[in-house]
Participant: 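Encoded as structure tokens, here's the structure I'll be asking about.
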Amino acid sequence: MKVVFAQPGLPKSGCLAVGVLDSGILTPSAKDVDAATGGAVSRAIAASRFSGKADQTLDIVAPAGLGVDRIILVGLGKADMVDARRAESFGAAALVVAEKGTGSELTLAIDVLAEAKLSAPLLAAHAALGASLKGYRFDLYRTKLKAEDKPTLKTVTVTVADPAAAKTAWAPLDVVAEGVSFARNLISEPANVLYPAAFMKIAKSLEKDGVSVEVLDEKAMAKLGMGSLLGVGQGSDCESYLVVMRWNGGNPDDAPVAVVGKGVCFDTGGISIKPAGGMEEMKTDMSGAAVTTALMRILARRKAAANVVGVIGLVENMPSGTAQRPGDVVTSMSGQTIEVINTDAEGRLVLADALWYTQETFKPKAVIDLATLTGAIVIALGNENAGLFSNDDTLSKILTEAGQEVGEPLWRMPMGDAYDEQIKSDIADMKNVGGREGGSITAAQFLKRFIQPGVAWAHLDIAGVAWTKKALPTSPKGASGFGVRLLERMIATHYETVGAAKPAKAKKPAKKSGKK
Ligand code: BES
Ligand code: MN
Ligand code: ZN
């Protein structure tokens, strides 16, 4: 889908979306359309339940007096509440209605609203973002899609008084939209296609965007003592990998921010095998890694003025004659030993070594991990919030705020020594599961044991939000890409140093190995 910005004016063809405020107050474009159609807009509103409430839509097909195929009225709610999110849902809602037709063009007219929270060019750019995100499809494996089921929209034109300014505002958002699609593609791919080596190769391809990518294979990880991560992959015929992606766009002397993603390309549960029902969903167990990789691609493509390292642990969790057994004891890179009570609690085993390696190697100023870690977080928070676990109030605050801004909400969960008690082992330093109670918290306590003193850390349990069974305001059902926009926004707001936009020479990483 192509996005263009143009001067205001009524289009001669395609679909035209205009905004209507609460209580049916017409925006300037809606008024123009009403006049051009001899009052069709006012009459349509009067004859329907549409009142301009946020996200309501009303569709006027083949109106007389205008060349367009349909006029789409989109509710904007109260003018002083119109912000970036509202502009995005304007674009997204218009797109959904436009897709009911067979046209190839959609024009979005989100007028300058004096009371709006955002400038006109930004509103225009965010409307384009909403349409772009909502228009995502994963049709790769549909060979029999009927013509009438195929999307026909080719161009979205956003009209705005200053198209050049809107285009400038759109450039970084375009990169973000592309990044979200990239993450969604990775998450949607089945595990026979996107196995660890295939994922590794895609991550490696970020080199052409200027990301430096280093790949550690099983041999390299064994040398570093990553018994925890390797134990998870040992039952699979697939080689496991740790992929390290670095973008150094910031001040060369600044310590990086690290993002660590769980990349379990398929999670059968291993010997502690999962029930068959719904197991196919475990192809999404690499969502944390997908989000991390997409984030790195975005930062590089928009030449972010920040130093960021993305680390992903890529494994497949399979039962087999070589698989690890419940009761096995593994030694992690940190030197700490783990009794593997349940082989299905594998994400934390992967992250234990990935987190340790990241801190040892890069001495980051903050570490954020993303993982589809527990079913328990889905029980606690449903599909509406991701769980946030952290040892740092400031990091929690800036992550939560960024999430609010982009519509990827986080809910902070408690941590504490009492929970940590649950993962004491009789024969090793810890075991990999507690009881059923507070399962997402004991998982976080486990990760915390691999965070070095003084390191600000946040863990996002995205098990309930990575995949959506229902369409969301700016996502069709399926892979949401939750976390990409949040982290991109958080880094843009808090870690980008003005005037350091050129990627710096890659710094030599600090000493690599190091058992405690
Ligand atoms: N990948 C799963 C968690 C998950 C569940 C992700 C639902 C997405 C949707 C994770 O590896 C897992 O199996 N966790 C177990 C932990 C248990 C054995 C302590 C779980 O949540 O049941
Ligand atoms: Mn599991
Ligand atoms: Zn898992």
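The structure displayed is predicted, hence computed values, not measured ones. Remember, it's 1-based here, ligands and their atoms both numbered in the order they're listed.
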Participant: Give the atom numbers and elements of ligand 1 that come within less than 4.0 Å of a heavy atom of Val433.
Facilitator: 19 (C)

Participant: N/O to N/O below 3.5 Å, does that happen between Arg348 and ligand 1?
Facilitator: no

Participant: Asn342 heavy atoms, cut-off 4.0 Å: which ligand 1 atoms fall inside?
Facilitator: 18 (C)

Participant: Look at atom 14 (N) of ligand 1 and say which protein heavy atom is nearest, naming residue and atom and giving the distance to 0.1 Å.
Facilitator: Leu373 O, 3.5 Å

Participant: With heavy-atom distances below 4.0 Å as the criterion, list the atoms of ligand 1 near Glu346.
Facilitator: 11 (O)

Participant: Number the atoms of ligand 1 from 1 as they appear, then name those within less than 4.0 Å of a heavy atom of Thr372, with their elements.
Facilitator: 1 (N), 2 (C), 3 (C), 6 (C)

Participant: For the 3.5 Å polar cut-off, considering only N or O atoms, please tell me whether Gly375 and ligand 1 meet it.
Facilitator: yes

Participant: Considering just N/O/S atoms, say which atom of Asp285 is closest to the Zn ion (ligand 3).
Facilitator: OD2

Participant: Less than 4.0 angstrom from a charged side-chain N to a carboxylate O is my criterion; do Asp353 and Arg348 meet it?
Facilitator: no

Participant: Heavy-atom count check: over 12 atoms from other residues, nucleotides or ligands less than 6.0 Å from Lys53 NZ?
Facilitator: no

Participant: Can you name the closest pair of heavy atoms from Glu99 and Leu153 and give their distance?
Facilitator: CG-CD1, 4.3 Å

Participant: Taking only heavy atoms of Met282, which atoms of ligand 1 are found under 4.0 Å from at least one of them?
Facilitator: 1 (N), 4 (C), 5 (C), 6 (C), 7 (C), 8 (C), 9 (C)

Participant: State plainly whether the residues Lys283 and Glu189 are in salt-bridge range, i.e. N to O under 4.0 Å.
Facilitator: no

Participant: Asp369 and side chain to side chain contact (heavy atoms under 4.5 Å, CB included): which partner among Thr358, Leu351, Leu460?
Facilitator: Leu351

Participant: Is it true that Arg489 and Glu401 make a salt bridge, defined as a side-chain N closer than 4.0 Å to a carboxylate O?
Facilitator: no

Participant: Can you list the ligand 1 atoms lying under 4.0 Å from a non-hydrogen atom of Ala463?
Facilitator: 6 (C), 8 (C), 9 (C)

Participant: Taking the N/O/S atoms of Asp267 one by one, which is nearest to the Zn ion (ligand 3)?
Facilitator: OD2

Participant: Need the atom name: nearest N/O/S atom of Glu346 to the Mn ion (ligand 2).
Facilitator: OE1

Participant: Between the Zn ion (ligand 3) and Lys262, is there an N, O or S atom separated by less than 2.8 Å?
Facilitator: yes

Participant: I'd like to check whether Glu281 has a polar contact with ligand 1, where a contact means an N/O of the residue lying under 3.5 Å from an N/O of the ligand.
Facilitator: no

Participant: What protein heavy atom lies closest to atom 2 (C) of ligand 1? Include the residue and the distance to one decimal.
Facilitator: Asp267 OD2, 3.6 Å

Participant: By atom name, which N, O or S atom belonging to Glu346 lies closest to the Zn ion (ligand 3)?
Facilitator: OE2

Participant: Check Arg485 with Glu408, please: is the shortest side-chain N to carboxylate O separation under 4.0 Å?
Facilitator: no

Participant: Run the salt-bridge test on Glu496 and Lys303 with the 4.0 Å N-O cut-off and return the result as yes or no.
Facilitator: no

Participant: Quick one: report the N, O or S atom of Asp267 that is nearest to the Mn ion (ligand 2).
Facilitator: OD2

Participant: Are the charged groups of Arg85 and Asp83 less than 4.0 angstrom apart, N to O?
Facilitator: no

Participant: Quick one: look up the protein heavy atom nearest atom 12 (C) of ligand 1 and list residue, atom name and how far away it is.
Facilitator: Asp344 O, 3.2 Å

Participant: I need the atoms of ligand 1 closer than 4.0 Å to a non-hydrogen atom of Lys262, numbered in the order shown.
Facilitator: 1 (N), 10 (C), 11 (O)

Participant: For ligand 1, is Thr374 a contact, meaning one of its heavy atoms is under 4.0 Å away?
Facilitator: yes

Participant: Are Asp420 and Arg449 within salt-bridge range, i.e. N to O under 4.0 Å?
Facilitator: yes

Participant: Thinking salt bridges, do Glu346 and Lys262 make one under a 4.0 Å N-O criterion?
Facilitator: yes

Participant: Has Arg184 got its NZ or CZ under 6.0 Å from the middle of the six-membered ring of Phe138, at an angle within 45 degrees of the ring axis?
Facilitator: no

